[in-house]
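Note sheet for the following structure.
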Amino acid sequence: MGKLGTTFTRIEENMPELPEVQTVINNLTPLITGRTVKEIDLLYPKMIQNDLVEFNQKIIGRKFIGIRRRGKYLLFDLSDGQTLISHLRMEGKYSVLKDPEELPKHSHVVFWLDNGEKLVYHDTRKFGRMHLVSTNEVDQTKEIKKLGLEPFSSEFTPEALFAMLQKKKGKIKVVLLSQEVVVGLGNIYVDEVLYAAKIHPASISANLTLNDAKEIWQATKEILKKAIKYGGTTIFSFKNANGDIGHFQDYLKVHSQEGATCKRDGHLVEKIKLDGRSTYFCPQCQILK
DNA sequence: AGCAGGACCCGAACGC
DNA sequence: TGCGTTCGGGTCCTGC
């Protein structure tokens with residue numbers, strides 16, 4: 001590995017983190033709101049968490065009435081009180097296509113609409129999942145009910161974060177990745193947040209101070225905001241689907257920067273495994289607590 | 001409750 | 001050059 005910013009050897013596709021999920025909502029809403037689903041093609045049935053017959057019966061003939069988000073989960077509200085919970089995981093994408101013949105690679109679910117267009121879910125890794133539930137039961141589903149605070153909500157404050165961190169005995173990185181305290185941080189952003197906060201990723205959550213919580217609170221908001229500004233993550237990509245080069249890698253301080261020098265103190269950035277995840281940090285300025 | 005480990009997937013990177 | 005192996009991302013699940 002070379003110095004920071006000189007070589008980046010691998011790239012990832014746009015990884016749907018919280019900001020990207022919001023972008024999907026903004027793009028899809030005008031295209032599908034008010035549209036009725038005429039038919040569904042389930043090309044990869046395993047990603048549907050419901051009984052397949054029930055899934056079809058409850059969606060066909062219903063209308064998309066709006067799209068919401070909770071954490072990284074998309075919530076498609078349909079008429080007759082149904083909501084489709086959809087998680088993009090690593091590489092899931094939605095497209096609305098006019099050409100009836102066109103089908104992107106790795107298409108897994110097709111919703112045919114009443115205007116002749118279709119809403120297509122495609123996902124190279126097949127990691128995404130869909131779960132149809134009653135709208136009034138969304139908050140009680142196992143995937144939604146465990147979720148913590150929205151990072152841009154008024155409830156997300158240093159004090160609230162501190163109170164929650166005090167109750168956790170696990171390592172801070174694991175706690176932040178769990179989505180149970182604050183939603184939206186993935187493996188890359190977590191490393192950046194903890195670097196900004198000068199906290200060692202293996203620190204025990206309950207050992208952190210109010211000031212630590214304040215640093216994490218601020219870094220979380222700033223880094224997620226920055227991700228929006230630079231058009232999403234595109235952490236390692238040489239190019240994205242449009243052929244554009246991603247820019248966020250220019251701003252990574254530690255993640256994927258093993259062997260680079262810390263800009264604060266010149267120490268070498270280290271890579272370890274934590275909770276089975278690649279973890280990058282500066283062992284000098286990120287304090288273990 | 002925490003935590004390790006495996007499962008799910010595929011393409012890119014890597015090793016030979 | 002070609003081919004087999006390794007890796008990693010978010011989340012769930014099992015078992016200790």
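A, B, ... follow the sequence lines: proteins, then strands. Residue 1 opens every chain.
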Answer yes or no: does a side-chain N or O of [X] lie under 4.0 Å from OP1 or OP2 of [N]?
X: A:H106; N: B:dG11; answer: yes
X: A:K273; N: C:dG8; answer: yes
X: A:Q179; N: C:dT11; answer: yes
X: A:S278; N: C:dG8; answer: yes

[X]: which residues meet the salt bridge (Lys or Arg N to Asp or Glu O under 4.0 Å) condition with it, sequence neighbours left out?
X: A:R277; value: none
X: A:K173; value: A:D191
X: A:K214; value: none
X: A:E117; value: A:K98

Please list all pairs meeting salt bridge (Lys or Arg N to Asp or Glu O under 4.0 Å) that have one or both residues in residues 147-167 of chain A, counting only residues at least two apart or in different chains. A:R69-A:E150, A:R70-A:E150

Selection residues 125-144 of chain A - residue pairs positive for salt bridge (Lys or Arg N to Asp or Glu O under 4.0 Å), sequence neighbours left out: A:E91-A:R125

A:R125 or A:Y73: which one's nearest nucleotide on DNA chain C is closer to the 5' end? A:R125

Considering only heavy atoms from C-beta outward, does the side chain of A:P104 approach that of A:L97 to under 4.5 Å? yes

With B for base contact, S for sugar-phosphate-only contact and - for none (protein heavy atoms under 4.0 Å), nucleotides 2-8 of chain B reads SS----B

d([atom1], [X]; [atom2], [N]) in whole Å:
X: A:L74; N: C:dG10; atom1: CG; atom2: P; value: 16 Å
X: A:H122; N: B:dC10; atom1: NE2; atom2: C1'; value: 16 Å
X: A:D191; N: C:dG9; atom1: CG; atom2: P; value: 9 Å
X: A:K146; N: C:dC12; atom1: NZ; atom2: C1'; value: 8 Å
X: A:L176; N: C:dT11; atom1: CG; atom2: P; value: 13 Å
X: A:Y189; N: C:dG10; atom1: OH; atom2: P; value: 11 Å
X: A:I144; N: C:dT11; atom1: CD1; atom2: C1'; value: 12 Å
X: A:E143; N: C:dT11; atom1: CD; atom2: P; value: 11 Å

Do A:Y94 and A:F76 have ring centroids that are under 6.0 Å from one another? yes

With heavy atoms under 4.0 Å as the rule, sort A:K271 into base, sugar-phosphate or nothing. sugar-phosphate

Under-3.5 Å N/O pairs linking protein and nucleotides 13-16 of chain C:
none

For residues 38-45 of chain A, run the donor-acceptor check on the side chains, cut-off 3.5 Å, and write out each pair with its distance to 0.1 Å, sequence neighbours left out.
residue : atom : partner : partner atom : Å
A:D41   : OD2  : A:W112  : NE1          : 2.8

The helix from B:dG2-C:dC16 to B:dC16-C:dG2: angle between end helix axes, five pairs per end, rounded to 10 degrees: 50°

Name each donor-acceptor pair under 3.5 Å that joins a side chain in residues 48-60 of chain A to protein atoms two or more places apart or in another chain, with its distance.
residue : atom : partner : partner atom : Å
A:N50   : OD1  : A:L132  : N            : 2.8
A:N50   : ND2  : A:L132  : O            : 2.8
A:D51   : OD2  : A:V53   : N            : 3.2
A:D51   : OD2  : A:E54   : N            : 3.0
A:E54   : OE2  : A:K58   : NZ           : 2.9
A:N56   : ND2  : A:L52   : O            : 3.0

For the residue pair A:W217 and A:F156, does the interplanar ring angle fall in the parallel (under 30°), tilted (30 to 60°) or perpendicular (over 60°) class? tilted

Test of understanding: with ring-ring contact (aromatic ring centres under 6.0 Å, His included), list the residues that count as partners of A:Y195, not counting sequence neighbours. none

